[in-house]
Amino acid sequence: MSANIVYAILVTSLATFLSRFLGAVSSEGIKETSKLFKWFNCLAYATLAALIARTIIFPVGVLIDASYLSRLAVVILSLIVFFISKKNYVYPTIFSAVCMAILSNYF
Amino acid sequence: MINKEFFLKGYKSILKHDSPAIALGCCFIAIGALLKNLGFNIQESIFSTMLTYALPGSLVMAESLLVGASLLNIFLAVWFVNARLYPMAVSLFPLMMHESQPKWKYYFSCHFIAVSAWLIMKSNYKSIPKEQRIDYWIGIGSATWSIAVIGTFIGFFSSDYLNKDLMMGLAILNPIYFLCMMVGASKTIQISLSVLLGLVLGPIFYFLTPEWSILLGGLVGGTIAYLIGELNVS
């Protein structure tokens, strides 16, 4: 293994584990009925939503080459499939991959 | 030790019709292919997924390596991106804490905190007795973690057959799956507003500070949603 890559992996896993471990330790004194728990619950959902929006609107990796319009079209169409399929998670997910692959081929 | 019945019940949760197994697997196929293209060998790719087990963090590491960033830069960039795991842990572990369970289970299983496992646990915890929830959680975490490792393995060896269009399809799949799960989980005013405000504020804050946009979007959006929800109740 290349030393640089191994160090990068170790540093990445340490940075990731830190947030998880601190979260586990600091939740010891928090009751699930407390206001603090409710607040953290809101923070978690809002942070995840912000992450999803950023991934779609300002992506990193291969998605950066797909146009805004095609990404927006995939999101809207997938949500329509989600509601039509009575909130099934698998159909819109598979649909999004197929739709993105087709759109990126033409736009 | 770990209760086998609840561990297996958690493990089998990925076999349900609406499980994240397909979405998660496809995303890690993309990661496996990406890591191979970056020059990782199979051991390094698997090692990376096993130890990190967080998609955005792996992407940031890959990007940073590509531009020759220092280890300190990689640490800080990954820490910022994955800091969302902190509120996720704080909003999950109190649901599983039980005095009869040893603390090592909680410290060990915090490694499984990731969006897919977190969302499965959040939608199913009420059907599990509190004492057994940690074993159920370890089952869910082990299952999603296994899928991630298998996905990386497949992605690494199939990278030569994946063209750019297919890679794009695999890359959009994960945010769409999470988006649907978040919309599906929006059953109270607080959660619905949190999701809505996070979706709007995250990109807005990106224009001010790209590094902090996710955390700021989450903090501001989540706090506003919490306060409105509390006002509504009172």
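Letters A, B, ... are given to chains in the order of the sequence lines, protein chains preceding strands, and every chain is numbered from 1.
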Proximal component of [X], with respect to chain A [non-hydrogen, under 4.5 Å]:
X: B:Met97; answer: side chain
X: B:Leu199; answer: both
X: B:Tyr106; answer: backbone
X: B:Tyr53; answer: both
X: B:Leu34; answer: neither
X: B:Phe207; answer: side chain

Gap between atom [atom2] of [Y] and atom [atom1] of [X] - 0.5 Å precision:
X: A:Asn41; Y: B:Tyr226; atom1: CG; atom2: OH; answer: 11.5 Å
X: A:Lys38; Y: B:Ile191; atom1: NZ; atom2: CD1; answer: 10.5 Å
X: B:Ile46; Y: A:Ile9; atom1: CD1; atom2: CD1; answer: 10.5 Å
X: B:Leu71; Y: A:Asn4; atom1: CG; atom2: CG; answer: 7.0 Å
X: A:Leu63; Y: B:Asn174; atom1: CG; atom2: CG; answer: 10.5 Å
X: A:Ile52; Y: B:Ile176; atom1: CD1; atom2: CD1; answer: 9.0 Å

Over all heavy atoms of both residues, which pair between [X] and [Y] is shortest? Give the atoms and the distance, please.
X: A:Ser27; Y: B:Phe93; result: OG-CB, 3.1 Å
X: A:Val75; Y: B:Leu179; result: CG1-CD2, 3.8 Å
X: B:Gly217; Y: A:Ala46; result: O-CB, 4.4 Å
X: B:Met182; Y: A:Ala49; result: CE-N, 3.5 Å
X: A:Glu32; Y: B:Pro94; result: OE2-O, 4.0 Å
X: A:Ser96; Y: B:Ile172; result: O-CG2, 3.5 Å

At a heavy-atom distance under 4.5 Å, which candidate from [options] has the highest pair count against chain A?
options: B:Gly222, B:Ser58, B:Ser194, B:Pro203; value: B:Ser194
options: B:Gly221, B:Pro56, B:Pro87; value: B:Pro87
options: B:Val195, B:Leu95, B:Val200; value: B:Leu95
options: B:Ala30, B:Ala83, B:Ala62, B:Gly57; value: B:Ala83
options: B:Met167, B:Lys103, B:His111; value: B:His111
options: B:Pro175, B:Cys180, B:Pro210; value: B:Cys180

Test B:Leu227 against A:Trp39 for side chain to side chain contact (heavy atoms under 4.5 Å, CB included), laying out the working first.
CA-CA 9 Å; B:Leu227 292 173; A:Trp39 180 54; over 6 Å; no
Regarding A:Ser26 and B:Tyr86, do their side chains bring together a donor and an acceptor under 3.5 Å, going by distance alone?
yes
Do we see a donor-acceptor contact under 3.5 Å between the side chains of B:Asn82 and A:Thr16?
yes
Contact class of [X] relative to chain B, heavy atoms under 4.5 angstrom:
X: A:Phe21; answer: both
X: A:Tyr45; answer: both
X: A:Ile30; answer: both
X: A:Ile57; answer: side chain
X: A:Ile56; answer: side chain
X: A:Leu10; answer: side chain
X: A:Leu18; answer: side chain
X: A:Tyr91; answer: neither

I'd like to verify something: which residue of [options] has the highest number of heavy-atom pairs under 4.5 Å with chain B?
options: A:Lys35, A:Arg71, A:Lys87; value: A:Lys35
options: A:Cys42, A:Ala53, A:Pro92; value: A:Cys42
options: A:Phe82, A:Phe37, A:Phe58, A:Phe40; value: A:Phe58

Side chains of B:Phe112 and A:Arg20: does their closest heavy-atom pair fall under 4.5 Å?
no
Is a side-chain donor or acceptor of B:Arg84 paired with a backbone partner of A:Thr47 at a separation under 3.5 angstrom?
no
Let me see the working for B:Phe178 and A:Leu51 under side chain to side chain contact (heavy atoms under 4.5 Å, CB included), right down to the final yes or no.
CA-CA 10 Å; B:Phe178 289 157; A:Leu51 173 71; 6.0 Å; no
Is B:Leu231 atom CG crowded by more than 12 heavy atoms from other residues, nucleotides or ligands, each under 6.0 Å away?
yes
Intermediate values then yes/no, side chain to side chain contact (heavy atoms under 4.5 Å, CB included), A:Leu48 and B:Trp118:
CA-CA 11 Å; A:Leu48 285 183; B:Trp118 186 85; 3.6 Å; yes
As a quick check of understanding, evaluate side chain to side chain contact (heavy atoms under 4.5 Å, CB included) for B:Leu173 and A:Met100, giving each step before the final call.
CA-CA 9 Å; B:Leu173 201 137; A:Met100 187 76 245; over 6 Å; no
Qualifying side chain to side chain donor-acceptor pair (under 3.5 Å) pairs with a residue from residues 50-69 of chain A, counting only residues at least two apart or across chains
A:Asp65-B:Lys164, A:Ser67-A:Ser70
